Amino acid sequence: MTTNRIRHIGLCLAGALMMYPLLWMLSSSLKPGATVFTQPGLWPASWDLTNYPDGWTALEHPFSLYLANSFVIVILSIIGNLVSCSLAAYGFARLRFTGRRLFFALMLGTMMLPGHVLLVPQYVVFAKLGWLNTYYPLLVPNFLATNAFYIFLMVQFMRALPTELDDAARIDGCGPFRTFWKIIMPLSLPAFATTAIFTFISVWNEFFGPLLYLTDSELYTVPLALRQFMDSEGQSQWGQMFAMSFVSLAPVIGFFIAGQKYLVKGIATTGLK
Amino acid sequence: MALTTASAQVVPEHPGRRSPAARKRRGSGSGRHREGVAGYVFLSPWLLGLMGITAIPMLLSLYLSFTDYSVFSTWEDVEWIGLENYVTMFTNDPSFVRSVLVTLVYALVMVPLKLAAALAVALLLNRAWRGVGLFRGLFYLPSLLGGSVALALVWSALFAGDGAVNEFLSFFGITGKAWVNDPDYALGTLIILGIWQFGAPMVIFLAGLKQVPVELYEAASVDGASPWRQFWHVTMPMLSPVLFFNLVLETIRGFQSFTSAFVISNGNGGPVDSTLLYTLYLYKRGFTEFDMGYASALAWVFLLAIGILTVVLFSTGRFWVHYADGEDR
């Protein structure tokens with residue numbers, strides 16, 4: 001009994017410590033900008049909701065533009081990943097063809113490949129294609145199934161479905177495409193949901209790609225916009241900066257609450273973050 | 001979903017379970033051919049990506065690493081300079097040496113502490129009681145948010161001279177420094193930010209702990225083993241494949257950290273290069289100084305280093321990773 005209580009108290013303390021930075025951010029966004037560093041404690045001594053509307057318009061463009069940009073990229077990335085990765089996964093999990101094993105091994109190999117090796121040449125190629133300052137460099141790779149983690153996740157899922165389903169479909173005259181479309185895809189929806197949620201969170205937080213490819217502030221995504229608060233440093237802006245930081249994290253927290261089940265299964269299967 | 005643990009092997013196919021009718025059909029030439037073609041059709045986006053986004057750029061990067069290419073040069077005046085980039089790196093580039101050291105310290109300190117935190121909390125959460133799901137969520141959430149710009153901004157404020165950390169320390173009469181601006185401590189704040197994100201390996205540990213058969217603990221306690229000995233002689237061996245998986249994954253991930261160091265140091269790896277992670281140095285050389293040939297050479301050294309590290313990890317795994325089926329892998 002007492003060990004249980006100790007365990008409980010320990011967990012509560014650790015949980016409070018873990019949540020502190022997030023709560024601190026929320027609380028700072030509600031304090032008048034000048035008091036973020038002078039007024040101790042999480043509970044604001046005086047409340048100031050103006051950080052939100054002020055922060056919204058503090059940068060070159062209204063924050064809604066950055067949010068809209070990020071949403072466009074995220075939605076298209078999700079579509080790209082779902083289509084291209086599920087096609088590849090079905091091929092790997094269910095079809096037989098020469099070279100399948102070799103390709104599967106290559107696919108697993110690309111999961112370990114550090115992306116930095118590809119940065120310079122990709123930049124060079126995208127520059128020659130005239131794609132700098134467009135969303136193509138951020139989107140096209142997702143339509144070409146370059147994120148092997150999602151393929152692997154879907155392969156794992158599809159292999160666990162009984163093969164009798166495919167056989168029955170084949171006997172009824174379905175080719176591989178109809179089998180995929182009518183049978184495997186509807187049954188794989190949980191894996192699709194996991195992929196969609198992970199894509200959402202990682203693309204939403206993605207900083208490096210936009211930093212490299214987007215220079216026109218009209219195209220900026222939320223993370224790039226947030227960093228501008230750091231560049232234009234003025235004490236009075238701290239409150240606004242944290243207000244917009246909170247706005248930027250809200251969709252992730254929302255998706256986390258809605259999709260916790262899928263997230264937990266997803267990382268347990270592939271080690272995705 | 002067949003919830004396999006991270007370490008569990010790939011779900012096997014069921015070649016033996018095809019119905020006779022299907023097997024017969026499979027044997028017929030045209031059906032097989034059709035499936036073969038279909039396979040490539042299904043794989044075509046991925047194959048295109050493998051070639052265009054991965055393989056060709058990789059080879060191009062290898063080529064560029066032997067040149068003095070910068071993005072402003074036309075292909076005609078790219079000069080082949082042989083191994084010069086690599087020679088410079090190892091003989092005449094203090095920033096390179098610095099970035100290697102910073103990255104090694106970062107990964108070697110951060111990864112073990114992160115995994116220890118993940119394991120400790122997973123052990124505490126591995127009981128069914130009310131509220132366990134809430135706690136799991138609380139501990140997991142930071143790993144989703146930690147890589148974001150927002151959290152990097154929060155971190156640089158928390159560890160600023162007049163930030164919340166020093167406010168807390170002042171209760172104990174300690175006057176803290178401006179941690180993020182102090183060359184001796186700036187990397188430490190990044191390490192703490194890394195550890196804070198232990199949620200992902202924790203969830204993997206939890207999945208692994210669920211797979212440990214209860215009978216083993218029962219047998220051990222019948223034999224009078226203390227909880228401490230049960231941990232070392234039952235939990236740890238049974239969990240070692242999961243630990244190994246987490247170790248490989250987090251090490252590789254640790255070496256590739258970028259965003260928080262970039263934001264906290266305002267893009268330059270400062271103060272005094274104390275947070276100049278390798279990826280940050282690569283970015284600076286390639287995309288602010290436009291030494292793209294040199295940056296490509298840096299990238300290939302990075303690739304080889306991670307490759308060697310992975311091989312080393314796998315070869316040590318032989319000695320301490322215990323697989324329940326007794327197979328030697």
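Since we're looking at a predicted model, the values are computed, not measured. Just so we're on the same page: letters track the sequence lines, and every chain starts at 1.
With a threshold of 4.5 angstrom between heavy atoms, A:Cys12 approaches chain B through its backbone and through its side chain. Contacts of A:Phe246 with chain B are absent, with no heavy-atom separation under 4.5 Å from either backbone or side chain. Using a 4.5 Å cut-off between heavy atoms, A:Ile257 does not touch chain B at all. Looking at A:Thr98, the atoms closer than 4.5 Å to chain B (heavy atoms on both sides) sit in the backbone and in the side chain alike. Using a 4.5 Å cut-off between heavy atoms, A:Met244 makes no contact with chain B at all. Within the 4.5 angstrom heavy-atom criterion, no atom of A:Leu224 approaches chain B.
Ring-plane geometry between A:Phe177 and B:Phe42 is classed as parallel, the angle between the planes falling under 30 degrees on a 0 to 90 degree scale with a further cut at 60.
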Next item on the list: Let me see the working for B:Tyr283 and A:Phe208 under ring pair (Phe, Tyr, Trp, His ring centres under 6.0 Å), right down to the final yes or no.
Entry: CA-CA 10 Å; B:Tyr283 172 82; A:Phe208 201 92; 5.7 Å; yes

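No donor-acceptor pair under 3.5 Å is formed between the side chain of A:Asn205 and the backbone N or O of B:Gly146. A donor-acceptor pair under 3.5 Å is absent between the side-chain atoms of B:Trp300 and the main chain of A:Val117, judged by distance alone. One N or O on the side chain of A:Arg7 and one on the backbone of B:Leu124 form a donor-acceptor pair closer than 3.5 Å.
Residues B:Leu43 and A:Leu95 form no side-chain contact, since every pair of their non-hydrogen atoms from C-beta on lies 4.5 Å or further apart. Inter-residue side-chain proximity for A:Leu11 and B:Leu138 is flagged as unmet; no heavy-atom pair is nearer than 4.5 Å.
For the side-chain contact (heavy atoms from CB on, under 4.5 Å) test, residues two or more places apart in sequence or in another chain that qualify with A:Pro121 are B:Pro57, B:Leu60, B:Ser61. Remark: B:Thr279 pairs with A:His116, B:Phe258, B:Leu277, B:Phe302 by the side-chain contact (heavy atoms from CB on, under 4.5 Å) rule, at least two apart or across chains.
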